[in-house]
Asks: 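Pasting in a structure now, in structure tokens, and then I'll have a few things to ask.
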Amino acid sequence: MIDRSAGEGLSTEDLAILLDVTRSLAAPFDLMSMLASVTAAARQVLRADRSSVWLHDAAAGELVLEVSSDIRHVRIPVGHGLVGACARDRQLLNVADCYADPRFDQQVDRRSGYRTRCSLTLPLIDHAGALVGVMQVLNRIDGTFQAADEQLASALAAQCAVALQRVQMIESLIEGEKMRREMEMAQVVQMSTLPQAMPDVAGYDVHGTFRPALLTGGDTFDLAPVGDGLLVVLGDATGHGIAPALSVTQMHAMLRIAFRLGAALETAFAQVNDLLAETLAEDRFVTAFIGVLDPRAHVLRYVSAGQGPILHFHADRGTCSRHKPTSFPLGAMALPRPPRAAEMIFAPGDVLVLLSDGIYEYGNGAGEQFGEDRVEQVVAGHHAHGMAALSAALLDAVQAFAGGAAQEDDITVVLVRRGPAVSESAAFARRIDVLAEIVAFTTAAFARQGIPAALRADVDFVLEELFTNIVKYGRGKAPVAIEIAAIPGGVEVTLTEPEADRFDVTQASPVDVTLPAVQRQPGGLGLHLIPRLVDSVQYGYSEGERCSRIVFRKTDAAPSPGVAGHNEDQRC
Amino acid sequence: MLTMQGGGETPVVLSGRLDATQAAAAQAYLDRLHGVVTLDCSDLQYLSSAGLGVFLKTHKRLLGAGGRLRLTAVNRHLQDIFSYSGFDQILEIEPGR
């Protein structure tokens with residue numbers, strides 16, 4: 001029997017019991033085991049018939065009974081009954097006769113059939129001073145609760161509050177860890193829908209980057225071959241996190257399927273919009289740029305649903321033009337009619353710059369946003385260094401501007417650049433059998449520079465005629481140089497013949513193509529055909545260097561009568 | 001590269017490129033044939049004026065013996081060449097794709 005009386009401190013035996021409880025509370029517990037351990041200890045040290053621990057649900061303003069010997073999962077408002085009053089006032093309540101106390105709720109006894117005589121009720125306060133729960137013991141076996149019981153109960157309550165807080169923190173950590181793992185899985189799924197490698201598009205350099213603000217993001221992009229073209233997508237769903245990530249991933253998949261099935265741009269757009277309008281929540285939508293590039297015609301047809309600005313960097317001027325979206329965001333409402341597509345024509349070196357607002361709106365500490373002007377400056381400064389490098393430069397510039405401010409929105413970068421106006425040249429020995437080398441050179445140059453392959457046959461024809469003409473009639477020995485350069489919609493070819501005599505191929509004797517077969521001769525036909533197959537032919541001759549230069553152009557423009565001319569004193 | 005197959009009862013099938021480097025071989029192949037000679041051009045990707053010369057010479061030789069040269073499945077590029085050179089008025093040409 002432990003000897004306790006009013007006014008005394010804790011006895012050695014009480015301390016021993018308390019330390020025992022403390023030790024057992026320090027062991028790793030789940031919430032239910034911990035509560036069971038506390039209530040058992042309370043019954044033991046306070047000689048109580050029953051005990052309970054109520055958890056404080058601060059958000060609901062309620063107390064929740066998780067453990068007691070007969071009732072579970074009872075909720076009461078803070079302020080109701082003795083437990084509620086204790087929580088509200090954060091004061092220990094020692095009531096010798098509960099039925100005489102107006103705060104006591106007799107309903108509890110009526111429901112359980114138990115008879116409460118006396119009670120000791122204590123607030124559980126954590127280190128930070130927050131109420132975490134209420135501990136209550138009922139019916140001291142040998143009388144009523146005394147001042148010494150209050151002291152002992154207070155010591156126990158302090159231990160209980162700490163243990164409760166610790167268990168709740170561990171549980172929330174475990175819950176957080178589970179959530180984090182699930183978000184990681186969601187990120188893996190979302191990232192797997194993005195292009196794993198950039199597609200190889202003849203004559204173009206393309207790059208896409210996605211950097212989510214959270215583990216998952218509301219942005220997406222696509223750069224995927226569809227037929228002879230390239231699908232270019234940048235999407236941005238409202239918000240970021242798992243819900244928008246699902247929306248954009250859904251849109252991404254629908255677009256890929258639509259284009260793989262050969263849908264036209266307008267049809268795919270309208271179908272995806274209407275499907276999203278049906279399935280997305282009322283307050284959700286996706287802004288999206290959806291375009292299909294024809295890399296041979298250098299035309300990008302696009303529809304932009306609320307995604308802008310669309311920047312077109314013009315290599316010849318060194319500046320960007322800004323284009324607005326062509327329609328309202330996807331999924332906002334069903335489309336009354338198919339959208340009207342816009343077109344962007346790429347000249348050599350031009351760049352399409354699509355960025356999500358995570359870049360434009362990235363803030364620094366001073367409340368400024370990165371903005372369109374800074375984007376254009378970076379593009380103008382780095383457009384010639386390759387699109388992966390330009391993307392990195394944009395992200396670096398944003399980081400430098402932010403000065404350590406956190407990324408608040410997803411960042412997506414999609415860049416498409418047409419190869420610059422390069423020319424390639426090679427020298428060829430004056431032999432007919434070199435024609436195969438010329439064809440190989442032309443084939444490679446067309447592919448590298450993205451020159452329309454449909455022009456090949458006519459270009460080959462004219463090159464062959466001019467080259468064989470030089471081989472047959474030229475008196476020099478030095479190799480002939482051929483230069484191939486992409487021009488808007490076509491190609492410019494230059495043949496330079498050193499050690500040449502003047503012979504203006506544009507002034508060759510006319511051939512009567514109406515003569516009957518028996519009177520026709522094959523000679524001269526080639527030169528006759530040249531101006532008919534290309535857009536223009538220029539002949540130049542430098543007396544000083546004894547060098548002739550022939551320049552012809554061929555584009556995919558509608559066939560028109562060729563223009564032939566000649567230049568004097570041309571330098572080689 | 002140019003390959004040629006057939007002749008006599010069957011059409012001569014030309015595949016590849018008939019340019020200045022292949023003209024002599026093509027001429028030698030066609031020189032063995034007589035009567036009405038049909039050239040299947042469905043796989044003939046490219047023809048230069050050297051090739052036109054081969055066709056003209058062959059056609060003239062066949063005409064002299066009561067025969068002729070016909071071309072079938074002639075592609076767009078070849079049609080342009082024949083048309084600009086007036087060969088479409090000399091040879092019997094049946095367009096292809």
Side-chain angles (χ1 to χ4, degrees), chain A residues 428 430-440 442-443 452-473 505 508 510-534 554 556 558-562, chain B residues 1-3 16-27 30 36-37 41 43-71 74-93 96-97:
Chain A
F428 298 93
R430 301 188 187 204
R431 300 196 313 269
I432 292 296
D433 62 358
V434 164
L435 275 175
E437 290 171 33
I438 294 177
V439 169
T442 310
T443 305
L455 308 180
R456 269 294 303 285
D458 288 344
V459 168
D460 281 358
F461 186 97
V462 175
L463 253 181
E464 180 179 335
E465 298 307 330
L466 294 172
F467 184 79
T468 54
N469 216 45
I470 292 169
V471 172
K472 283 183 193 166
Y473 305 111
V505 290
V511 174
D512 186 351
V513 297
T514 62
L515 290 174
V518 287
Q519 295 175 31
R520 293 288 298 269
Q521 296 297 324
L525 257 181
L527 296 184
H528 163 82
L529 287 170
I530 288 171
R532 288 160 179 81
L533 294 174
V534 295
K554 174 75 182 175
D556 50 14
S560 58
Chain B
M1 194 56 207
L2 178 80
T3 60
R17 302 170 64 89
L18 177 41
D19 61 12
T21 63
Q22 305 295 321
Q27 189 68 65
L30 293 177
V36 178
V37 175
C41 301
D43 287 326
L44 182 60
Q45 295 152 8
Y46 172 81
L47 180 74
S48 75
S49 70
L52 283 178
V54 171
F55 289 174
L56 179 64
K57 186 176 171 190
T58 305
H59 183 60
K60 286 207 271 192
R61 176 179 63 79
L62 295 172
L63 277 181
R68 66 196 152 87
L69 190 64
R70 323 177 39 238
L71 279 68
V74 174
N75 75 25
R76 189 75 234 166
H77 162 67
L78 269 57
Q79 286 176 47
D80 284 347
I81 300 290
F82 289 132
S83 145
Y84 293 140
S85 60
F87 271 44
D88 57 344
Q89 295 155 46
I90 298 171
L91 301 173
E92 185 183 330
I93 293 169
R97 21 192 182 102

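Only a predicted model underlies this, so the values are computations on that prediction, with no experimental measurement involved. Below, read A as the first sequence line, B as the second, and so on, with proteins coming before strands; counting in each chain starts at 1.
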Asks: What's the separation between atom CG in L515(A) and atom CD in Q89(B), rounded to the nearest 0.5 Å?
Replies: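 Rounded to the nearest 0.5 Å, the CG-CD separation comes to 10.0 Å.
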Asks: Of all heavy-atom pairs between I81(B) and L533(A), which one has the smallest distance, and what is that distance?
Replies: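 The pair with the smallest heavy-atom distance is CD1-CD1, 3.6 Å.
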Asks: Enter the distance from S49(B):OG to E464(A):CD here, rounded to the nearest 0.5 Å.
Replies: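 Taking OG in S49(B) and CD in E464(A), the distance rounds to 6.5 Å.
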Asks: What part of L529(A) gets closer than 4.5 Å to chain B, counting heavy atoms only: side chain, backbone, both or neither?
Replies: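 Just its side chain gets close to chain B.
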Asks: Above 12 or not: heavy atoms from other molecules or residues under 6.0 Å from NZ of K60(B)?
Replies: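 Yes, the 6.0 Å shell around NZ holds more than 12 heavy atoms from other groups.
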Asks: Is it the side chain or the backbone of V471(A) that comes within 4.5 Å of chain B heavy atoms, both, or neither?
Replies: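 It is neither, since no heavy atom gets under 4.5 Å.
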Asks: Would L525(A) and L56(B) count as a side chain to side chain contact (heavy atoms under 4.5 Å, CB included) if you check the C-alpha gap in whole Å, the side-chain angles of each, and the deciding distance to 0.1 Å?
Replies: CA-CA 11 Å; L525(A) 257 181; L56(B) 179 64; 5.7 Å; no
Asks: So which atom in L435(A) and which in A20(B) form the shortest heavy-atom distance, rounded to 0.1 Å?
Replies: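 The answer is CD1-CB, 3.6 Å.
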Asks: Within this structure, what is the OH-CD1 distance for the pair Y84(B) and I530(A), rounded to the nearest 0.5 Å?
Replies: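 If I round to the nearest 0.5 Å, the distance is 14.0 Å.
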Asks: Under the salt bridge (Lys or Arg N to Asp or Glu O under 4.0 Å) rule, collect the residues that match up with E92(B), sequence neighbours excluded.
Replies: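 Scan of E92(B) (salt bridge (Lys or Arg N to Asp or Glu O under 4.0 Å), adjacent residues dropped) gives R68(B), R70(B).
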Asks: Let me confirm one number: the CZ-CG distance from R76(B) to D458(A), rounded to the nearest 0.5 Å.
Replies: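 The distance works out to 10.5 Å.
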Asks: If I take atom CG from residue D460(A) and atom CD from residue Q45(B), how far apart are they, to the nearest 0.5 angstrom?
Replies: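 Reported to 0.5 Å precision, the distance equals 10.5 Å.
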Asks: Under a 4.5 Å heavy-atom cut-off, does chain A meet the side chain of L47(B), its backbone, both or neither?
Replies: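 Backbone of L47(B) only, per the 4.5 Å heavy-atom cut-off to chain A.
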Asks: For D19(B), what residues pass the salt bridge (Lys or Arg N to Asp or Glu O under 4.0 Å) criterion, not counting sequence neighbours?
Replies: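 None.
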Asks: S85(B), G86(B), G53(B): which one forms the most heavy-atom pairs within less than 4.5 Å of chain A?
Replies: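 Of the candidates given, the most pairs with chain A belong to S85(B).
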Asks: Could you measure the distance from the OG atom of S48(B) to the CG atom of L463(A)? Nearest 0.5 Å is fine.
Replies: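 Between S48(B) OG and L463(A) CG, I get 12.0 Å after rounding to 0.5 Å.
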